[in-house]
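When a ligand or atom number is given, it counts from 1 through the structure's own listing order. Only a predicted model underlies this, so the values are computations on that prediction, with no experimental measurement involved.
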Amino acid sequence: MEEREVLWGKYTWVELGELAGKGAIVVLPVGSTEQHGPHLPLDNDHYTVYRLAVEAAKHAWSRGFKVLVLPPLPYGLSEHWMNNPGTITLTPHTFISVVVEILRSVASHGFRRIVVLNGHGGNTHALNVAAAQFTHEAGDPEVRVVVMDWWRFVGEEVMKVLDTPIFHADEGETSVAMALGQRVVLDALQGVRPEEPPYPQKWRSLDPTRESRLRNYSYNPRPAVPGAYGEPGKASRGKGEAIVEAFKEKFVEMLEDLF
Ligand SMILES: [Zn+2]
């Protein structure tokens, strides 16, 4: 099918209204605009979730689901990288309000099934709050929202494919970027000197199939850093393609089970 057929924004309002009546499922990709090391661009998180959403939606249509992808939300909670030029951040209340108001708009047009597809770890908890707030306000058991972090959603596959656990501007993000046609500055990738994670790993899980023992909050605009972690030099397009394929399959499996 043509890509435009999965894009919310490429329909006319007349066509879109008809799709609401046919039980279409809506995906809201949410990312960030923030530093991604010297080798990945600032748009990486919203580019990644947008492309993953489009690929998964096309696959879902071929399996009988009508799935529409909203324009991605390109801003999230990125205060900790504000000393790196180019990073844009919202504050938590603003971010939650924006997400709730988008969900409210979608539901007001008659859509009852929404997937919030997150691409940035800093957004995770605020998105759960937004979904809880929205469904509370909707007051309708038929209105349902699924929230997922893409790297956790395919955590088992991610751990199988990668040599190193997933973090930020690392092997995993770089591999998926390569697979999705993102700009990767290969010269910079050769010379990347990864950062040390901010606190010992025994307190935080880098394994996306496991929750961390704690979540560590502070007002923490770190000094400007090169900003890559793990071992991005181990990235490859093939690893990224395996993760993208796993995501598409699992997305449809999720629709079958939940919707
Ligand atoms: Zn990222």
Side-chain angles (χ1 to χ4, degrees), residues 27-56 72-90 95 99 116-127 147-155 157-159 161-162 164-186 188-189 192-198 204-208 212 215 220-222 224-237 239-241 243-244 246-247:
V27 183
L28 172 61
V30 181
S32 72
T33 297
E34 68 171 28
Q35 76 81 6
H36 266 81
H39 63 294
L40 289 176
L42 295 156
D43 75 351
N44 194 64
D45 286 343
H46 66 267
Y47 179 88
T48 296
V49 275
Y50 182 62
R51 291 310 316 170
L52 281 176
V54 168
E55 291 304 318
L73 179 57
Y75 306 120
L77 301 182
S78 300
E79 188 174 79
H80 47 295
W81 300 129
M82 280 306 285
N83 282 323
N84 281 81
T87 299
I88 306 285
T89 192
L90 302 177
F95 177 67
V99 173
V116 177
L117 176 56
N118 180 36
H120 169 53
N123 295 343
T124 300
H125 302 292
L127 286 175
V147 182
M148 67 168 80
D149 297 327
W150 74 258
W151 64 98
R152 286 189 221 283
F153 184 65
V154 284
E157 291 83 355
V158 162
M159 292 302 284
V161 167
L162 300 183
T164 57
I166 198 151
F167 192 47
H168 173 86
D170 62 346
E171 181 194 4
E173 271 204 319
T174 307
S175 296
V176 171
M178 287 170 165
L180 293 174
Q182 172 65 294
R183 173 174 182 240
V184 180
V185 184
L186 292 173
L189 181 60
V192 164
R193 295 181 49 173
E195 312 287 329
E196 282 298 313
R204 71 175 300 149
S205 174
L206 298 184
D207 173 347
S212 291
R215 281 159 292 282
N220 187 21
R222 299 167 198 166
V225 289
Y229 290 82
E231 299 194 46
K234 291 190 168 173
S236 76
R237 188 192 175 104
K239 291 176 184 174
E241 284 170 349
I243 292 170
V244 172
F247 183 87

Which is the closest N/O/S atom of D45 when seen from the Zn ion (ligand 1)?
OD1
N/O/S from E34 sitting under 2.8 Å away from the Zn ion (ligand 1):
no
Restricting to N, O or S, what is the name of the atom of E173 that lies nearest the Zn ion (ligand 1)?
OE2
Who pairs with N123 by side-chain hydrogen bond (donor to acceptor under 3.5 Å, both in side chains), at least two apart in sequence or on another chain?
N118
Return each pair, listed once, that meets salt bridge (Lys or Arg N to Asp or Glu O under 4.0 Å) where at least one residue sits in residues 32-49; pairs must be two or more places apart or across chains.
none
Give a yes or no on whether H168 keeps an N, O or S atom under 2.8 Å from the Zn ion (ligand 1).
no
I need the H168 NE2 to H80 NE2 distance, nearest 0.5 Å.
7.0 Å
We want to know whether E231 and T164 form a side-chain donor-acceptor pair, criterion being a heavy-atom distance below 3.5 angstrom.
no
